[in-house]
Amino acid sequence: MVAKERDKPAERSDDARADALARILAAVRAIPRGRVASYGQVAANAGLKGRARLVGYALRTGDGRALPWHRVLRANGASAFPDGSAGRAEQCKRLEREGVRVSRGRVDLGRYCWTRDLDVLLWGPGAAVPARRRA
DNA sequence: CGACTGACGGTCG
DNA sequence: ACGACCGCCAGTC
């Protein structure tokens with residue numbers, strides 16, 4: 001066996017990277033329709049707390065075909081795309097189409113932010129999408 | 001190899 | 001509300 005000299009603990013293997021990417025994509029797909037999550041939360045759900053940037057990378061490189069990328073917003077509820085950009089307009093449109101209200105380019109995370117625990121705790125299992133909770 | 005850049009987040013002044 | 005920093009990861013020049 002060829003002993004590898006660089007067994008640096010901080011070094012992440014390619015396998016680990018791929019796994020992280022896969023978990024991020026899975027976490028994004030797990031966001032129910034009509035709900036949103038921040039980059040940081042997606043990372044946390046994927047077991048990668050503190051690596052929100054990696055989520056951005058995943059969404060950028062990943063295929064936006066069957067990926068609900070529009071449900072991922074910044075921590076302040078705003079789109080990650082710059083104001084006036086096509087991407088932002090598209091995201092806003094998709095969100096509104098799902099019933100997510102966007103005011104001045106921002107979503108009320110207090111209302112639409114999704115957390116599994118919260119759904120289960122407040123409305124019981126199976127109530128992933130309370131939806132009409134009075135506006 | 002180092003500096004810069006991003007679909008980020010949080011803290012501090 | 002705003003800008004400056006820092007931590008974070010991958011890609012590019």
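Here is how names work: the chains are called A, B, and so on, in the same order as the sequence lines, proteins then strands, and each is numbered from 1.
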Using atom [atom1] of [X] as one end and atom [atom2] of [N] as the other, report the distance to the nearest whole Å.
| X | N | atom1 | atom2 | value |
| --- | --- | --- | --- | --- |
| A:L109 | B:dG10 | CG | P | 11 Å |
| A:D14 | C:dG11 | CG | P | 10 Å |
| A:N76 | C:dA1 | CG | P | 9 Å |
| A:L48 | C:dA10 | CG | C1' | 14 Å |
| A:I24 | B:dA7 | CD1 | C1' | 12 Å |
| A:L59 | C:dA10 | CG | C1' | 14 Å |
| A:K49 | C:dC8 | NZ | P | 14 Å |
| A:R88 | B:dG6 | CZ | P | 18 Å |

Among [options], which nucleotide has an atom closest to any side-chain atom of [X]?
| X | options | value |
| --- | --- | --- |
| A:R74 | C:dC8, B:dC8, C:dA1 | B:dC8 |
| A:Y57 | C:dC9, C:dG11, B:dG9 | C:dG11 |
| A:A75 | B:dC8, B:dG10, C:dC9 | B:dG10 |

What does [X] touch in the nucleic acid at a heavy-atom separation under 4.0 angstrom: a base, only the sugar-phosphate, or nothing?
| X | value |
| --- | --- |
| A:L54 | sugar-phosphate |
| A:S79 | nothing |
| A:R53 | base |
| A:R60 | base |

**Item:** A:E98 side-chain N/O to A:P32 backbone N/O, donor-acceptor pair under 3.5 Å
**Value:** no
**Request:** Keeping the roles fixed (side chain from A:R88, backbone from A:G105), state whether a donor-acceptor pair exists under 3.5 Å.
**Result:** yes
**Message:** Is any side-chain heavy atom of A:V42 closer than 4.5 Å to one of A:I31?
**Reply:** yes
**Message:** Minimum heavy-atom separation for A:R106 and A:A78, please, with both atom names.
**Reply:** CG-CB, 3.8 Å
**Message:** For A:G110 versus A:D108, what's the shortest heavy-atom pair and its separation?
**Reply:** N-OD1, 3.0 Å
**Prompt:** Which one is paired to B:dC1, where only Watson-Crick or G-U wobble pairs with both distances under 3.5 angstrom count?
**Reply:** none
**Request:** Could you give the distance separating C:dA1 and B:dA7 at their P atoms, to the nearest angstrom?
**Result:** 23 Å
